[in-house]
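Chain A is the first sequence line, chain B the second, and so forth, proteins listed ahead of strands; every chain is numbered from 1.
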Number of protein chains: 2
Amino acid sequence: MTENLTKPDAAEDDFELANFLPFLLNQAAEESSLAFQNVYKNRYGMLRTEWRVLFHMGMYGQMTAKEIGQRAKMHKTKVSRAVQRLAERRFLIRTRDAQDRRVEHLDLTPAGEAAYRDLRSVARDYDVKLARHFTSGEVALLRAMLRQLAGIR
Amino acid sequence: MTENLTKPDAAEDDFELANFLPFLLNQAAEESSLAFQNVYKNRYGMLRTEWRVLFHMGMYGQMTAKEIGQRAKMHKTKVSRAVQRLAERRFLIRTRDAQDRRVEHLDLTPAGEAAYRDLRSVARDYDVKLARHFTSGEVALLRAMLRQLAGIR
DNA sequence: TATTGTTAGTTACAAAATCAACTACTACGC
DNA sequence: GCGTAGTAGTTGATTTTGTAACTAACAATA
């Protein structure tokens, strides 16, 4: 009788966790966001949740907290707190909808717009810098694969 | 006189948050680790920090907390607390170095080894599933690019 | 117009991450 | 040896996140 019906160990050992995609993705994400993080942190005292909200508003204009949550895949409590802090610091203003008084429309203030444009330009430069490691075809493929993995339609 | 000497808005608007590498990497990392997270969480009651320590020890054998921190890019307090919990649950044992009594050598117990092998096999299957979206050449390129971005030598 | 269900957003409390200070120890310079 | 500086790892205080329960408002139905 064979004493081992499971896969042989040799087949198991060729898997290196150092190549595990969730691990690699995480390391790359953390490393690649460090330098940019320092900018919005030091220059505007923002947290990651806050710059994400700011960016979505800068890109898409007036939004509600719910819409931001859907687009950014952020939980509503995260959005709520980020909006609160951005409102306190006068980066955005909230106005109740007249028809449906549950919803709030959020708009960037001029200060918010300015911060958005500033950070957007930093982000653009930073992205170029990251992409410089690769050919443009490689980067395009990378983005497409990441979108697929992230479940972005 | 021209009234606008800065770059025209059209050139600025080509920035898409959805293409910003740190953002994409983060979304992909988060989405792709969700399903796997449930396994080590539900099956072993581990936190992400703990699973990371376990997996580094499984890969490289005996290590010190400092080495784990360097390889996994985890802050020493995170490592310290993860090691503490893994030791409490008898997944690893700590032994003081005889020469330098500040350092502790960490080794997986048989239970720790078993958990490591189990999770590694789950990870392997999961990795295959993620990679199925792409050709094998694409996946190899993706891993190489992620390693580069992560600063893994 | 009461009843039930649903939605937008907030709040409360627990879990976890972060940062600074701390203990115990080693190593260097004198 | 003695003082100073540096290192491995821990602890405590503060901040941030996650989960659930909550408030206020709307909508459908009877």
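Listed by chain and number, the residues in a side-chain hydrogen bond (donor to acceptor under 3.5 Å, both in side chains) with A:R71 amount to none (sequence neighbours excluded). Under the side-chain contact (heavy atoms from CB on, under 4.5 Å) criterion, A:R102 pairs with A:D100, sequence neighbours left out. The salt bridge (Lys or Arg N to Asp or Glu O under 4.0 Å) test applied to A:E67 returns no partner, not counting sequence neighbours. Scanning for side-chain hydrogen bond (donor to acceptor under 3.5 Å, both in side chains) contacts around B:Q62 gives B:D107, with sequence neighbours left out. Remark: B:K73 engages A:E31 in a side-chain hydrogen bond (donor to acceptor under 3.5 Å, both in side chains) (not counting sequence neighbours). Every residue meeting the side-chain contact (heavy atoms from CB on, under 4.5 Å) condition with A:T49, not counting sequence neighbours, appears here in chain and number order: A:L47, A:M74, A:K78, A:A82. For A:R96, there are no side-chain hydrogen bond (donor to acceptor under 3.5 Å, both in side chains) partners two or more places apart in sequence or in a different chain.
One distance of note links CG of B:L86 with CD of B:Q84; it measures 10.5 Å at 0.5 Å rounding.
In this structure a side-chain-to-backbone donor-acceptor pair under 3.5 Å is present from B:R143 to A:N19.
Rounded to 10°, the angle separating the first-five-pair axis and the last-five-pair axis of the helix from C:dT1-D:dA30 to C:dC30-D:dG1 equals 10°.
Annotation: B:R90, atom CZ; neighbour count of heavy atoms from other residues, nucleotides and ligands within 6.0 Å does not exceed 12.
Of the residues in residues 67-101 of chain B, those with a non-hydrogen atom less than 4.0 angstrom from any atom of DNA chain D are B:K76, B:T77, B:S80, B:R81, B:Q84, B:R94. Taking every heavy atom of residues 50-59 of chain B and every atom of DNA chain C, no pair lies under 4.0 Å. Of the residues in residues 26-48 of chain A, A:K41 come within less than 4.0 Å of DNA chain C through at least one heavy atom, sorted by number.
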Could you run down the sub-3.5 Å N/O contacts of the protein with nucleotides 4-7 of chain C?
from: C:dT7; atom 1: O2; to: A:R102; atom 2: NH1; distance (Å): 2.8

